[in-house]
Amino acid sequence: MSEHDTVTEDYAQRERPLFEAWREGGYFQRTPGFGSEAGTSYTIVIPPPNVTGVLHMGHALNDTIQDACIRRARMRGMQTRWILGTDHAGIATQTKVDKHLAEQGINRREIGREAFIEACQDWRREYGTTIVNQIATMGCSCDYAHEQFTMSPEFSRAVRRLFVDWYHDGIIYRGKRIVNWCPSCTTAIADDEAEYEDEAGHLWHLRYPLSEPVDGVEYLVVATTRPETMLGDTGVAVNPKDPRYANLVGHTIELPIVGRTIPIFADFYVDSEFGTGAVKVTPAHDPNDFAMGERAGLEKINVFDETAHVVEGYGAFSGMSREEAREAVVAEFERLGLLDHVEDHDHSVMHCYRCHSTLEPWLSEQWFVSVDTLKGPAAAAVESGRIAFHPERWSQVYLDWLANLKDWCISRQLWWGHRIPMFYCDACGWSDACMEDVRTCPECGAPARQDEDVLDTWFSSQLWPFATQGWGDYGADAPELVKHYPTQVLSTARDIMGLWVARMVMASEYCTGQIPFEHVIIHPTVMGADGKPMSKSRGNGVDPVELMREFGADGMRFGLLTQVTGAQAMRFDRQKIEAARNFANKVRNAARFVLMHMDGYTPGVPTLSTAADRWIFSRLARLVRAVDAAYESFDFGEMTRELYGFFWNELCDWYIEFSKSRLAEDAPADDKLACQRNLVHVLEVAIKLLHPVMPFITEEIYQDMPKTADAARMLIIAPWPDADALATFIDDDAERAVQMVCAVVGAVRSARARYGISPKTLLDVHVKAEPADCALLEQQRGLIESLARTSELTIASDADKPAGSSAALAAGIEVYTVLAGHVDLDAERARVRKELDRATVDAEKLRRKLGNEGFLSKAAPEIVQKDRGRLAELDDTIAKLQGQLADLG
RNA sequence: GGUCGCGUGGCGCAGCGGGAGCGCAGGUGCCUUACAAGCACAAGGUCGCAGGUUCAAAUCCUGCCGCGACCACCA
């Protein structure tokens with residue numbers, strides 16, 4: 001019973017050498033191009049993964065899509081290059097290194113900036129190759145020889161150049177603003193880097209005593225979710241139209257605990273419906289309060305330090321964390337009899353997208369990019385259609401994002417990143433943004449110092465498409481850019497649409513005067529099997545490296561693409577990967593079959609001597625068209641479905657079966673050769689079409705195939721099939737003939753299965769069809785005989801139903817299988833009756849439709865015609881089935 | 001609050017105005033010399049609900065229900 005051992009395979013061992021062969025062949029660098037597309041450049045920039053990151057399913061899908069695009073372009077003869085590189089990922093990397101150092105008892109501040117950056121570099125040297133190796137394991141045909149890095153010297157010059165240019169153009173400015181402060185990372189982060197989460201909280205109602213009673217009123221109740229910030233309150237706001245408080249506006253409050261006298265003022269921002277209609281205003285710790293404070297001219301008092309502990313000057317509260325301060329403040333209000341009441345209240349709270357700490361709106365000096373002049377050209381690029389999104393609807397998301405864009409805080413209080421190239425002279429007040437470091441003040445000669453902050457990682461990421469091609473040193477005239485810019489395709493997930501995609505367009509328009517890419521593919525987000533986003537905490541994540549080990553890179557790639565739809569999310573389905581692995585296996589076996597029957601083969605043009613030959617070439621021609629169309633509309637799911645159906649259901653299920661008798665040892669030599677050549681040709685075209693998705697197995701097969709002297713050495717640069725040239729093979733007659741053959745074979749197999757007749761038992765079969773179809777079928781007699789395993793095959797337009805036979809109707813022909821006594825007539829009668837019922841219902845429906853005046857007068861004539869034909873067919877079928885029933889008694 | 005996506009056989013999905021399909025799982029029979037990770041055959045769905053447009057609706061429109069994402073955010 002050991003017949004079917006589980007098949008295990010070492011995919012890495014099979015795939016790695018092929019990858020090395022591609023690399024050594026130089027195909028990963030910009031290809032020279034050939035054929036009619038030789039002059040066309042085709043470039044993709046990879047969304048740079050974090051340098052210390054590891055491959056996740058999002059990368060796996062995204063990189064598969066890009067590799068499919070670039071490989072097809074390469075095979076079409078274009079000058080391709082897929083630019084590879086990694087992102088220094090400021091906060092992410094710094095957080096990791098911080099943690100690593102902490103484990104050794106080292107604090108970043110103790111060792112200082114330079115030593116820390118060195119530690120980051122060490123970290124990068126150690127882990128920076130991981131993800132690139134994983135991308136290689138996938139078989140991605142990136143330009144590994146010219147790997148980029150967002151903190152390489154060249155890239156750094158580009159970043160610096162943009163900062164200096166923007167600074168001198170007045171696009172970059174400095175300001176004291178409320179920013180989202182992460183007290184754990186101790187840095188500002190951008191608005192779109194903050195994540196909101198709903199949390200159960202409370203609405204504390206606090207009594208704020210008036211300095212003097214007004215009309216007998218002694219205090220005012222304010223509602224707040226953050227009582228601890230009251231330490232920094234500098235006012236209380238009410239809506240100017242709120243009659244409850246009209247008499248209080250202009251009076252003052254004695255702020256409890258702090259003893260500060262603060263004004264009651266009116267501002268339309270206040271919603272009278274919410275809480276008590278009176279809002280405590282903390283300009284330094286809330287963006288809306290900041291805005292009101294500006295309007296009312298309030299003081300802005302920071303009560304937290306950079307780690308969100310209460311600053312000096314607040315007595316016992318000083319030094320407390322936010323959480324401690326909250327408790328203490330509430331307790332103190334209670335003690336003073338000023339805690340009115342507490343309500344439950346859910347509200348959304350901002351968290352750091354990196355470390356997940358609760359963010360603190362914090363007043364600080366930061367650098368900003370003014371987006372006013374940048375957003376226009378970026379919107380126009382999409383509105384004009386110069387940049388196309390796929391699916392198209394994402395362009396709306398893009399445009400909406402731009403329309404609502406606010407100035408971008410680009411300074412980060414980190415050490416790992418591009419240090420802001422601003423230089424200051426404390427002696428004379430000189431300052432400027434400079435390309436070269438400035439040690440002494442050019443005005444007064446005093447020592448100059450550089451800004452301590454670094455730039456937001458996205459500030460450098462936005463330069464990716466052109467800084468990787470020489471912009472930093474040569475500007476828009478860089479030779480690479482002149483020849484190969486804009487790039488063709490950018491593929492990414494939708495969550496960085498604004499963060500990255502839009503910013504690249506803005507920066508590119510500014511720096512190069514061009515769009516950065518022509519097509520933006522927004523692929524669906526890969527969700528876990530449970531339909532929820534993959535995450536460590538949920539435990540629904542899947543490791544692509546693990547998948548590749550189990551199913552091969554080809555299996556993973558194909559399986560992922562089959563799941564791509566136009567929707568915004570796809571639920572990861574392991575079975576799809578398994579099915580893809582099985583498909584890869586099927587392809588390999590099909591190839592093995594072909595290569596196993598090569599004796600006597602000599603290369604030559606295909607000879608389409610049989611209907612089966614003409615059929616498979618016709619199907620192949622349609623396949624090339626369909627695959628091309630799917631690529632052009634970026635419909636990768638459709639593309640894989642087409643390939644799957646062709647390989648499995650047409651080539652393997654039928655054509656290879658058709659071929660078996662022709663390849664037998666005693667078969668006629670010339671027909672055998674024709675069949676061999678056809679198989680080789682079809683297989684070669686098919687594996688070319690499949691190569692962009694399943695590069696390894698197709699290359700492996702190609703290497704084993706017989707090739708002519710002028711053939712490409714490797715499949716990776718073999719010419720892509722020409723749909724127009726193949727179109728001449730489309731042959732409706734041949735497709736009809738094979739359709740009938742399949743119908744006959746299927747009918748006989750079905751009868752066998754129903755009555756448990758072994759394939760070894762030969763059966764008499766009678767086929768009745770139109771004369772023209774009879775002629776087509778007659779030519780396929782041999783095929784039918786071998787596939788249906790007949791003893792006697794009668795094909796005639798006037799064939800009779802033999803006694804004791806099972807009848808089947810398919811493809812407009814009647815197939816009678818003589819069952820010679822094996823038949824359970826009752827079962828056969830029941831089956832026919834069921835079929836008859838179904839046909840009768842269908843015919844009734846159609847008859848009603850065709851009896852409808854409205855339909856006859858308004859429907860397109862060809863539709864009416866078609867339905868009349870269908871009804872006639874159905875009536876015919878019904879008559880035949882009734883005849884069969886009568887025959888069966 | 002705004003924008004968008006999705007609800008089709010047990011599961012995952014395709015189809016997106018004129019005959020309900022695919023893959024997987026499950027059923028039956030097969031180790032047929034390319035493949036048991038396979039082959040053959042059969043079974044399985046009133047296409048979320050309610051209206052509307054149309055001669056014709058899974059497909060278009062409206063509303064509702066359910067799931068989900070993104071953006072904004074009221075202390």
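In this text the structure is predicted, and so the values were computed from the model without any measurement. In the text below, chain A, chain B and the rest are named by the order of the sequence lines, each starting its count at 1.
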>> Among residues at least two apart in sequence or on other chains, which ones pass ring-ring contact (aromatic ring centres under 6.0 Å, His included) with A/Phe558?
In response: A/Phe583
>> In this structure, how many angstroms lie between the C1' atom of B/C39 and the CG atom of A/Leu787, rounded?
In response: 13 Å
> Any salt bridge between A/Arg226 and A/Glu360, counting N to O under 4.0 Å?
Replying inline: yes
> Which whole-number value in Å describes the distance from A/Gln563 CD to B/C22 C1'?
Replying inline: 14 Å
>> Does this structure show an ion pair linking A/Asp242 with A/Arg244, if we count only N-O contacts that are shorter than 4.0 Å?
In response: yes
> Is there a Watson-Crick or G-U wobble partner for B/G1 with both distances under 3.5 Å, and if so, which one is it?
Replying inline: B/C71
> B/G38 phosphate, OP1 or OP2: any side-chain N/O from A/Asn582 under 4.0 angstrom?
Replying inline: yes
>> Under a 3.5 Å distance rule, please check whether A/Thr698 uses its side chain to pair with a backbone N or O of A/Met694 as donor and acceptor.
In response: yes
> What is the nucleic acid contact for A/Ile656, judged by heavy atoms within less than 4.0 Å: base, sugar-phosphate only, or nothing?
Replying inline: base
>> Donor-acceptor pair, distance only, cut-off 3.5 Å: does the side chain of A/Asn540 make one with the backbone of A/Asp530?
In response: no
> If you take atom types as modelled and just measure distance, does the side chain of A/Arg581 reach the base of B/A37 with a donor-acceptor pair under 3.5 Å?
Replying inline: yes
> Does any nucleotide pair with B/C39 by Watson-Crick or G-U wobble geometry, both distances under 3.5 Å, and what is it?
Replying inline: B/G29
>> Looking at A/Thr525, I'd like to know whether one of its side-chain N or O atoms comes within less than 4.0 Å of OP1 or OP2 on B/A69.
In response: no
> According to the Watson-Crick and G-U wobble definitions, with both distances under 3.5 Å, which nucleotide is paired to B/C49?
Replying inline: B/G63
Just the table, please: protein N/O against nucleotides 5-9 of chain B N/O, every pair under 3.5 Å.
none

> In residues 570-578 of chain A, which residues come under 4.0 Å of RNA chain B by heavy atom?
Replying inline: A/Arg571, A/Asp573, A/Gln575, A/Lys576
> Is any side-chain nitrogen or oxygen of A/Lys660 closer than 4.0 Å to OP1 or OP2 of B/U32?
Replying inline: no
> Paired with B/G9 by Watson-Crick or G-U wobble geometry, both distances under 3.5 Å: which nucleotide is it?
Replying inline: none
>> Output the rounded distance in Å from CD (A/Glu638) to C1' (B/G21).
In response: 12 Å
>> Please report the distance, rounded to the nearest Å, between CD1 in A/Ile757 and C1' in B/U28.
In response: 15 Å
> Would one find a side-chain N or O of A/Trp648 under 4.0 angstrom from OP1 or OP2 of B/C39?
Replying inline: yes
>> Categorize A/Phe583 for me: base, sugar-phosphate, or nothing, with a 4.0 angstrom heavy-atom threshold over every strand shown.
In response: nothing
> Is the Lys NZ or Arg CZ of A/Arg619 less than 6.0 Å from the centre of A/Trp654's six-membered ring, within 45° of the axis?
Replying inline: no
> Is there a donor in the side chain of A/Glu392 and an acceptor in the side chain of A/His390, or the other way round, less than 3.5 Å apart?
Replying inline: no
> Which comes earlier along RNA chain B counting from the 5' end, the contact point of A/Thr565 or that of A/Ser857, where each point is its nearest nucleotide?
Replying inline: A/Thr565
>> Under 4.0 Å between a side-chain nitrogen and a carboxylate oxygen: does that hold for A/Lys300 and A/Asp289?
In response: no
> For A/Asp635 and A/His597, take the nucleotide of RNA chain B holding the closest heavy atom to each; which residue's nucleotide lies nearer the 5' end?
Replying inline: A/Asp635
> With a 4.0 Å cut-off on heavy atoms, is A/Gln396 in touch with a base, just the backbone sugar-phosphate, or nothing at all?
Replying inline: sugar-phosphate
> Quick one: does A/Arg207's side chain have a donor or acceptor within less than 3.5 Å of a partner on A/Val222's backbone?
Replying inline: no
> Paired with B/G19 by Watson-Crick or G-U wobble geometry, both distances under 3.5 Å: which nucleotide is it?
Replying inline: none
> Any salt bridge between A/Glu550 and A/Arg581, counting N to O under 4.0 Å?
Replying inline: no
> Considering only B/A14, B/A75, B/A40, which nucleotide approaches the side chain of A/Arg641 most closely?
Replying inline: B/A14
